[in-house]
Asker: 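Structure below; questions to follow.
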There are 2 protein chains.
Amino acid sequence: MLTIGQLVAYSGVTIRAVRHYHQVGLLPEPERDASGYRTYTAPDVVRLVRIRTLAEAGVPLARVQDLLEAGEEEFAAAVADLDRRLRAQVRELQEHRRRIARLAAGDSLALPPAVVAYLDRLRSLGVPEAMVAGERDAWIVIAARWPEQMGSFMADKNAQLDDPRTVRLYRILGELIEHGLDEDRLVELADLMAQQMAEYVAGGGTGDVAAMSDDTVVDLLDAWADASHPMVERLRELLAERGWTGWIRIEPATPPAPGP
Amino acid sequence: MLTIGQLVAYSGVTIRAVRHYHQVGLLPEPERDASGYRTYTAPDVVRLVRIRTLAEAGVPLARVQDLLEAGEEEFAAAVADLDRRLRAQVRELQEHRRRIARLAAGDSLALPPAVVAYLDRLRSLGVPEAMVAGERDAWIVIAARWPEQMGSFMADKNAQLDDPRTVRLYRILGELIEHGLDEDRLVELADLMAQQMAEYVAGGGTGDVAAMSDDTVVDLLDAWADASHPMVERLRELLAERGWTGWIRIEPATPPAPGP
DNA sequence: TGCGGGGTTGACGCTGCGTCAGGGTCAAGC
DNA sequence: GCTTGACCCTGACGCAGCGTCAACCCCGCA
């Protein structure tokens, strides 16, 4: 007769685990001696070792019961199924590892690589970090809402950066952020932007504008932009005077009325 | 402003998860509107997406907090650590798969392959299944107690089976189990066993006998054997008359007295 | 005005035990 | 006979990360 301590010494299980197995009915409660100690016999050892073997192989306790009583074929089928699940788990973990690896680079937290590249390009153009951070956060929201269309958004953005006037625009924005507001420069900026938008629309460009088809998100980002820097609000006023509305998604203030 | 429903639509998280994050302080509770609804803003979306990204990469929620606020190096270190853990987990799962694969064969549940081979040899010698099952269960207990020495036990057992008299012995045992007790055959068996044990001891053989150095386990298995079939008890009586004691570990009844 | 589909808080459930808390028991040495 | 230390007992909480009720409130639409 074995005490629980001896039992666990032979089987490599913890006492707590054995009691747990009793609790869930996996291992029958053995006889007790006069003082209430559990007394185990050889069949208990055998059953416990079998339970352990299956449990360590990753079988959930709830299934161990059935498996121990299963016939050959059933057992084989269950084993095959378990193996499938384990493989799936491994794949999941590998996927986790891949994501983790991508996280190692700073910005990539929650952003597709194309956006990271775009942000790096902004930095290399001299756009101040605070502004890049603002862009980054906005793109996180956008990427969450329209993951499929990030490719075309980024293509559009990069094409815009090929135009030196857009670069100049970003530089001025950056300076204003870094050195405080200056009404004259704001006006200059608004003129530049209005002009570029007009050209863009005239050229048939509807790239990202049309695709951001969710006023709630756009409003949300606009509100955030407004709150993030006083410059934004003033600039939107100036743009409104020039016939443009919005910020994240700039549009002509009076779009053609929809048909009847 | 977003409701919780919109927030989860954009971030791919469940409502329950978001509330959980609030509960554990991972995502700050946002403002409420007049009717108590939570109203989210863009920064909340950003933070939520970041949390999700880390969580999906396998970071435990408890660490997400720190990671989000960590600096570059700290972040990189944490990521490296995470990757190490994930690799360990993968290794564990692979180990599970290996064990599962071994389980696919029947007997191997909790037994080293050498024992499985030995049991198969017994079967091929015509030993009935019930007796093989008894041996198997006994070896499970023994393997749990002396995992290191299973190799030598098995070598010893296999060597014994090379002797045709041992084979005959097993056959008679099997017949007795299958066709009921027969006093004459039992006596014949006891004689055979006593003779072989004597030769074994005379030849200096102490193989597994000495190695089973734990009376508790030996007693346990003996008791089990006694309980499993009436034949065992009778046979032990007959062996006792011939100067042998024990069953799992058979020994001369009067070992030389230890020195002073 | 009623309905359907949102929203709210609160609490229990799941896995497989670890880890107290607060005791009783056994064997050994003084 | 007393203490000590190693075991044993039951019972309950805790953990991660939510899922899933329950029971009720709120909003927009026909």
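Worth knowing before you read on, the calculation uses all heavy atoms, side chains too, and leaves out hydrogens, waters and symmetry mates. In what follows, every chain begins at residue 1, and chains take the letters A, B, ... in the order their sequences are listed.
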Asker: Write down the atom of A:Val49, the atom of A:Ser11, and the distance for their closest heavy-atom approach.
Answerer: CG2-CB, 4.3 Å
Asker: Near DNA chain C, which residues from residues 31-41 of chain A have a heavy atom under 4.0 Å away?
Answerer: A:Ser35, A:Tyr37
Asker: Would you check, one step at a time, whether the test side chain to side chain contact (heavy atoms under 4.5 Å, CB included) holds for B:Leu27 with B:Ile51?
Answerer: CA-CA 8 Å; B:Leu27 193 63; B:Ile51 292 170; 4.1 Å; yes
Asker: Would you sort out whether A:Asp66 and A:Arg63 count as a salt bridge (charged side-chain N to carboxylate O under 4.0 Å, His left out), showing the intermediate values?
Answerer: CA-CA 5 Å; A:Asp66 303 338; A:Arg63 297 204 57 198; 5.5 Å; no
Asker: What integer distance in Å separates B:Gln6:CD from C:dG5:P?
Answerer: 18 Å
Asker: State plainly whether the residues B:Arg236 and B:Glu233 are in salt-bridge range, i.e. N to O under 4.0 Å.
Answerer: no
Asker: Write out all pairs satisfying salt bridge (Lys or Arg N to Asp or Glu O under 4.0 Å) with one or both partners inside residues 24-43 of chain A, taking only residues at least two apart or from two chains.
Answerer: A:Glu29-A:Arg32, A:Glu29-A:Arg38
Asker: Can you check whether B:Arg19 has a side-chain N or O nearer than 4.0 Å to OP1 or OP2 of C:dT8?
Answerer: yes
Asker: Mind calculating the distance between CD1 (B:Ile4) and C1' (C:dG5) to the nearest angstrom?
Answerer: 16 Å
Asker: Taking only residues at least two apart or on different chains, which pairs with a member in residues 4-27 of chain A satisfy ring pair (Phe, Tyr, Trp, His ring centres under 6.0 Å)?
Answerer: A:His22-A:Tyr40
Asker: Given atom CD1 of B:Ile51 and atom P of D:dC18, what is their separation to the nearest angstrom?
Answerer: 11 Å
Asker: Through what angle, rounded to 10 degrees, does the axis of the helix from C:dT1-D:dA30 to C:dC30-D:dG1 turn between its ends, using five pairs per end?
Answerer: 30°
Asker: Produce a footprint string for nucleotides 14-20 of chain C: one letter per nucleotide, 5' end first; B if the base is under 4.0 Å from any protein heavy atom, S if only the sugar-phosphate is, - if neither.
Answerer: --BBBB-
Asker: Is the shortest distance from a Lys or Arg side-chain nitrogen in A:Asp214 or A:Arg249 to a carboxylate oxygen in the other one below 4.0 Å?
Answerer: no
Asker: B:Asp222 and B:Ile248: which non-hydrogen atoms are nearest, and at how many Å?
Answerer: OD1-N, 2.9 Å
Asker: Identify whether the distance between the nearest side-chain nitrogen and carboxylate oxygen of B:Asp137 and A:Arg50 falls below 4.0 Å.
Answerer: yes
Asker: Atom CG of B:Leu7 to atom C1' of C:dT8: distance rounded to whole Å?
Answerer: 16 Å
Asker: What salt bridge (Lys or Arg N to Asp or Glu O under 4.0 Å) pairs are there with at least one residue in residues 19-28 of chain B, not counting sequence neighbours?
Answerer: none
Asker: Test side chain to side chain contact (heavy atoms under 4.5 Å, CB included) on B:Asp120 and B:Val116; report intermediate values, then the result.
Answerer: CA-CA 6 Å; B:Asp120 281 339; B:Val116 176; 4.0 Å; yes
